Amino acid sequence: MLAAKPYLRALKIIPSREIDFDAYPFCIPAVRAIERLDFHPDVTFLVGENGAGKSTLMEAMAVAWGFNAEGGNQNTAFSTATAHSDLYTYLRTVKSFKRPKTGYFLRAESFFNVASYIAELEPGSHGAIGASYGDKPLHQQSHGESFLALLQNKFRPDGFYILDEPESALSPNRQLAALAIIHKLVQRNCQFIIATHSPILLAYPNAKIYLLDQSGLTETRYEDTEHYTITRHFLNNPAAMLDQLLAEETDDD
């Protein structure tokens with residue numbers, strides 16, 4: 001019997017499309033390197049430095065699936081800007097025979113806009129849409145609280161979830177809580193694709209990790225990521241690392 005997951009099996013570049021590799025977003029090495037990107041049935045991570053193309057790829061993936069470019073589910077229909085790239089028009093989604101029952105695109109940088117959209121749909125009340133995110137309106141919570149409320153209340157079994165830097169509003173303790181929620185949902189037939197800088201989230205066992213950098217896009221091990229090695233080196237001897245770093249800063253002056 002074929003497994004339902006991964007709901008999104010792979011992304012492929014449409015071969016018939018003409019591509020200008022000198023123009024955005026194909027001028028980004030990791031985007032230029034995409035031919036076929038395969039995903040883990042449970043959790044796939046995208047990692048890399050700022051500007052490596054993670055958010056560009058996540059946004060295109062989400063829009064190609066049918067989500068709003070600024071976040072939300074497939075029923076979320078608003079736009080505060082039209083700055084997203086046309087990369088999604090170059091992508092072909094390779095899907096499972098079975099569709100997920102639910103899904104969501106969490107884009108950390110524009111989740112405030114999603115919360116505002118919900119509040120505008122139900123002005124002066126905490127209606128059915130808002131209540132689906134929890135008992136308390138999103139704008140009456142801290143950024144981190146609203147993220148956890150989303151994970152705890154909106155994410156359901158048999159779902160497909162794209163998360164772009166979900167750790168941005170979460171303390172280390174709440175990143176661990178988020179990791180536990182993700183694991184429970186994976187056990188209930190959910191698939192996650194996550195762009196992150198968090199060595200805590202990246203530790204999820206058996207996940208597929210793709211590194212986006214100047215050489216392109218390659219699969220890597222958790223222990224080989226800079227997120228792991230730099231964090232480990234710092235925590236093992238913070239005084240020595242700070243001495244070296246601050247000495248370098250002084251020399252530059």
Side-chain angles (χ1 to χ4, degrees), residues 6-40 43-96 99-100 102-118 120-121 150 159-168 191-197 208-219:
Y7 300 115
L8 180 58
R9 296 184 178 277
L11 286 178
K12 298 172 66 176
I13 293 293
I14 298 173
S16 60
R17 291 297 308 269
E18 292 187 8
I19 297 174
D20 181 355
F21 289 103
D22 293 322
Y24 179 81
F26 286 98
C27 60
I28 300 172
V31 175
R32 187 187 306 127
I34 298 171
E35 293 182 4
R36 178 186 172 105
L37 191 62
D38 292 294
F39 298 105
H40 193 281
V43 179
T44 301
F45 290 108
L46 303 184
V47 300
E49 283 294 334
N50 298 327
K54 300 186 304 301
S55 291
T56 299
L57 181 53
M58 295 289 279
E59 172 193 87
M61 185 190 318
V63 174
W65 186 268
F67 294 127
N68 181 21
E70 294 186 54
N73 59 26
Q74 289 176 300
N75 296 319
T76 305
F78 77 95
S79 177
T80 60
T82 55
H84 61 279
S85 77
D86 65 350
L87 177 58
Y88 71 96
T89 66
Y90 293 83
L91 299 178
R92 175 175 296 159
T93 55
V94 182
K95 301 177 181 178
S96 164
R99 297 282 288 175
T102 186
Y104 204 94
F105 174 35
L106 169 62
R107 188 169 193 171
E109 67 180 25
S110 54
F111 186 60
F112 180 90
N113 299 342
V114 176
S116 297
Y117 166 75
I118 295 166
E120 290 171 4
L121 287 177
L150 169 69
F160 174 60
Y161 300 108
I162 301 175
L163 313 182
D164 188 10
E165 299 186 2
E167 77 282 0
S168 63
Q191 181 189 10
F192 287 84
I193 300 174
I194 305 171
T196 186
H197 294 289
K208 185 186 288 285
I209 302 174
Y210 286 110
L211 171 64
L212 287 71
D213 61 14
Q214 289 301 308
S215 66
L217 195 155
T218 54
E219 188 172 351

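Here the structure is a predicted model, which means the values were calculated and not measured.
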**Prompt:** Going through the distances and angles, do Val63 and Phe105 end up as a side-chain contact (heavy atoms from CB on, under 4.5 Å)?
**Reply:** CA-CA 9 Å; Val63 174; Phe105 174 35; 6.0 Å; no

- Taking it one step at a time, do Leu37 and Leu57 satisfy side-chain contact (heavy atoms from CB on, under 4.5 Å)? CA-CA 11 Å; Leu37 191 62; Leu57 181 53; 4.0 Å; yes

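Looking at Glu35, its side chain never comes within 3.5 Å of a backbone N or O of Ile13 through a donor-acceptor pair. Between the side chain of Gln191 and the backbone N or O of Tyr7, at least one donor-acceptor pair lies under 3.5 Å. For the pair Gln74 (side chain) and Gly103 (backbone), a donor-acceptor distance under 3.5 Å is absent. Within the 3.5 Å criterion, the main-chain N or O of Ser85 finds a donor-acceptor partner in the side chain of Glu59. Although no hydrogens or angles enter the test, the distance criterion places a donor-acceptor pair under 3.5 Å between the side chain of Tyr210 and the main chain of Asp38. No donor-acceptor pair under 3.5 Å is formed between the side chain of Lys54 and the backbone N or O of Ile194. Of the possible donor and acceptor atoms, none in the side chain of Lys12 sits under 3.5 Å from a partner among the backbone N and O of Val94.
The two atoms that bring Leu91 and Ala60 nearest to each other are CD1-CB, 3.8 Å, heavy atoms only. For the residue pair His197 and Glu165, the shortest heavy atom distance occurs at NE2-OE2, 3.3 Å. Closest heavy-atom contact between Met58 and Ala195: CE-N, 3.4 Å. Leu106 approaches Pro166 most closely through the heavy-atom pair CD2-CB, 4.0 Å. Closest approach of Ala33 to Gly216, counting heavy atoms only: CB-CA, 4.0 Å. In terms of heavy-atom proximity, Thr196 sits nearest to Val47 at O-CG1, 3.7 Å.
Taking Phe160 as the reference, Trp65 meet the ring-ring contact (aromatic ring centres under 6.0 Å, His included) condition, with sequence neighbours excluded. Residues passing the side-chain hydrogen bond (donor to acceptor under 3.5 Å, both in side chains) test with Thr56, sequence neighbours excluded: Tyr24.
Note that CZ of Arg92 and CG of Leu11 are 11.5 Å apart. Values are rounded to the nearest 0.5 Å. Atom CD1 of Ile34 sits about 9.5 Å away from atom CD1 of Ile19, to the nearest 0.5 Å. Here CG of Leu46 is found 5.5 Å from CE of Met61. Values are rounded to the nearest 0.5 Å. Between atom OG1 of residue Thr218 and atom CG of residue Asp213 there is a gap of 5.5 Å, rounded to the nearest 0.5 Å. The CD1 atom of Ile28 sits 9.0 Å away from the CG atom of Leu212 when rounded to the nearest 0.5 Å.
A cation-pi arrangement is absent between Arg32 and Phe21 under the rule of less than 6.0 angstrom and at most 45 degrees off the ring axis.
Looking at Pro6 and His40, their side chains never come closer than 4.5 Å, going by heavy atoms from C-beta outward. Using a 4.5 Å heavy-atom cutoff, the side chains of Leu163 and Tyr104 are not in contact. Using a 4.5 Å cut-off on side-chain heavy atoms (C-beta onward), Pro29 and Leu217 make no contact.
Salt bridge absent: Arg107 and Glu70 never bring a charged side-chain N and a carboxylate O closer than 4.0 Å.
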